[in-house]
Amino acid sequence: MKELEILPIPLIQWYHENARVLPWRSDPTPYHVWLSEIMLQQTRVAAVLDYYRRFLEELPTVADLAAVEEERLMKLWQGLGYYNRARNLQKAARQVMETYGGVFPGTYEEILSLAGVGDYTAGAIASIAFGVPVPAVDGNVLRVVCRITGDEGDITRPDTKNRIRKALLDTMPKAFPGDYNQALMELGATVCLPNGAPLCEKCPARAFCVAHITEQTGRLPVKAPKKARRVEKRTVFLIFHEGKVALRQRPKKGLLAGLWEYPNEPEADVGQLAEWGITPLCLDHGGTGKHIFTHIEWHMSALAVEAADGHLPDGWVWADRRALQERYALPNAFQSFMGLALDRTEETSEF
DNA sequence: AACTCGGGGAT
DNA sequence: ATCCCAGAGTT
């Protein structure tokens, strides 16, 4: 592993010259670093920027986050995905308030004990916000290290990840662990790109990178193939009455847990409305939509319904246009029906 | 170890 | 279409 011993100085030099200007780098308090790291889990920098700004604008401190209404929290997270990150974020904020008296803990083990914080995120917060010399091994770091050292290990395997974490711990510059960890990630995000398209001419490790020298960047890192998605057909019901649309809340666990949605069922028809006690006055096609999750693909066909009266099953709500836009958190899966819903809802005085 | 959990941008 | 992203929690 002698490549990792040579790496720190040229990499840190490169990082100081090429680091992107990012909002969580300008004032890296533990709260800022933590929030950014949670938002950045499996999510690109570009997708996070606006969410990060809006979130801190409304919830500038850990205490604010601990106290905010869940419905408002989910609205702030709407569209970012992996919604349990938001719930765990608040759970952890309450841990910080109650267990640590409102002061963000500074050791790797304490940070790791927070909800939603795993070994990567604990390492990132500890090193960046507190200067603790621990690695932060994400997908970028695995790719960079496997290429530079010519590691053939399957990066989807925990033992490969643990081996690389240990190698980094033994070779990282202990004086500036935060910059080193961020430099590894920055290199992976901007130069050592995936899918065999790295910009090796720009890489500070090009002189000693095993994958570059032996022309194996297209093959490394080794990664086991992932399982195929399953397709689900769903019928979506856009039910209107007096300028409002019917919404229901999804179950507390599982896919899109706790978010609001237009009622939908697997391959249902108008008969479904009777089961809900809804009398359709007129029916239209509401268009179609496709949404691709990581492991599921929804093919949706919508029915637009004008209801004869205001009756709905327990727990469902009538949302006017403003509530649809500003109150209820809907997943992006239903975005293709938003245009029709907005057309057929009205602003009302209620909220 | 395998599975679940979003959404989007790049190729 | 496929890959993969500053991964973590559950089973």
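Using C1' as the reference atom, C:dC3 and B:dG6 are 15 Å apart when rounded to the nearest Å. Nucleotides C:dG9 and B:dG8 have their P atoms positioned 24 Å apart, rounded to a whole Å. Of the C1' atoms belonging to B:dC5 and C:dC4, the separation is 15 Å, rounded to the nearest Å. C:dA8 and B:dG9 are spaced 23 Å apart, taking the P atom of each and rounding to whole Å.
Partner of A:Phe237 under the ring pair (Phe, Tyr, Trp, His ring centres under 6.0 Å) criterion, out of A:Trp316, A:Trp276, A:Tyr262, A:Phe337: A:Trp276 alone.
In this entry the distance linking NZ of A:Lys226 with C1' of C:dC5 reads 9 Å, nearest Å. One can place OH of A:Tyr15 at 13 Å from P of C:dA6, the figure rounded to the nearest angstrom. Protein atom CE of A:Met185 is 5 Å distant from nucleotide atom C1' of C:dA6, rounded to whole Å. Per the geometry, CG belonging to A:Leu89 stands 16 Å off P belonging to C:dG7, to the nearest Å. What separates CZ of A:Arg87 from P of C:dA8 is a distance of 19 Å, to the nearest Å. To the nearest angstrom, P of C:dA6 lies 17 Å from OH of A:Tyr51. Protein atom CD1 of A:Ile38 is 9 Å distant from nucleotide atom C1' of C:dG7, rounded to whole Å.
Between the side chains of A:Gln272 and A:Thr235, not a single donor N or O lies within less than 3.5 Å of an accepting N or O. No side-chain donor-acceptor contact under 3.5 Å links A:Gln249 and A:Tyr328. Remark: the A:Thr214 side chain and the A:Gln216 side chain contain an N/O donor-acceptor pair separated by less than 3.5 Å. Residues A:Glu110 and A:Thr107 have side chains that bring a donor and an acceptor to within less than 3.5 angstrom of each other.
Considering only the side chain of A:Val45, C:dA6 comes nearest among C:dG9, C:dA6, C:dC4.
The aromatic rings of A:Trp298 and A:Phe293 lie perpendicular to each other, with more than 60° between the two planes, well past the 30° mark.
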Quiz item: What do the steps show when you test A:Lys233 against A:Glu297 for salt bridge (Lys or Arg N to Asp or Glu O under 4.0 Å), and what is the final call?
Solution: CA-CA 8 Å; A:Lys233 290 188 176 179; A:Glu297 189 168 326; over 6 Å; no
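Within the 4.0 angstrom heavy-atom criterion, no nucleotide atom of any strand lies near A:Trp77. In this structure, A:Arg20 reaches the bases: a heavy-atom distance under 4.0 Å links it to at least one base atom across the strands shown.
Taking the ring centre of A:Tyr51 as origin, the terminal cationic atom of A:Arg54 falls inside the region bounded by 6.0 Å and 45° from the ring axis.
Annotation for A:Leu89 and A:Phe55: closest pair CD2-CZ, 3.7 Å, computed over non-hydrogen atoms.
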Self-check item: Per-nucleotide protein contact string for nucleotides 2-11 of chain B, where B marks a base within reach and S marks sugar-phosphate only (heavy atoms under 4.0 Å, - for neither)
Solution: --SBBBBB--
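Residues from residues 106-130 of chain A lying near DNA chain C, meaning a heavy-atom separation below 4.0 Å, are A:Ala115, A:Gly116, A:Val117, A:Gly118, A:Asp119, A:Tyr120, A:Thr121 in numerical order.
Residues meeting the salt bridge (charged side-chain N to carboxylate O under 4.0 Å, His left out) test with A:Lys166, sequence neighbours left out: A:Asp170.
Taking the nucleotide of DNA chain C with the nearest heavy atom to each of A:Lys290 and A:Lys91, the more 5' of the two is matched to A:Lys290.
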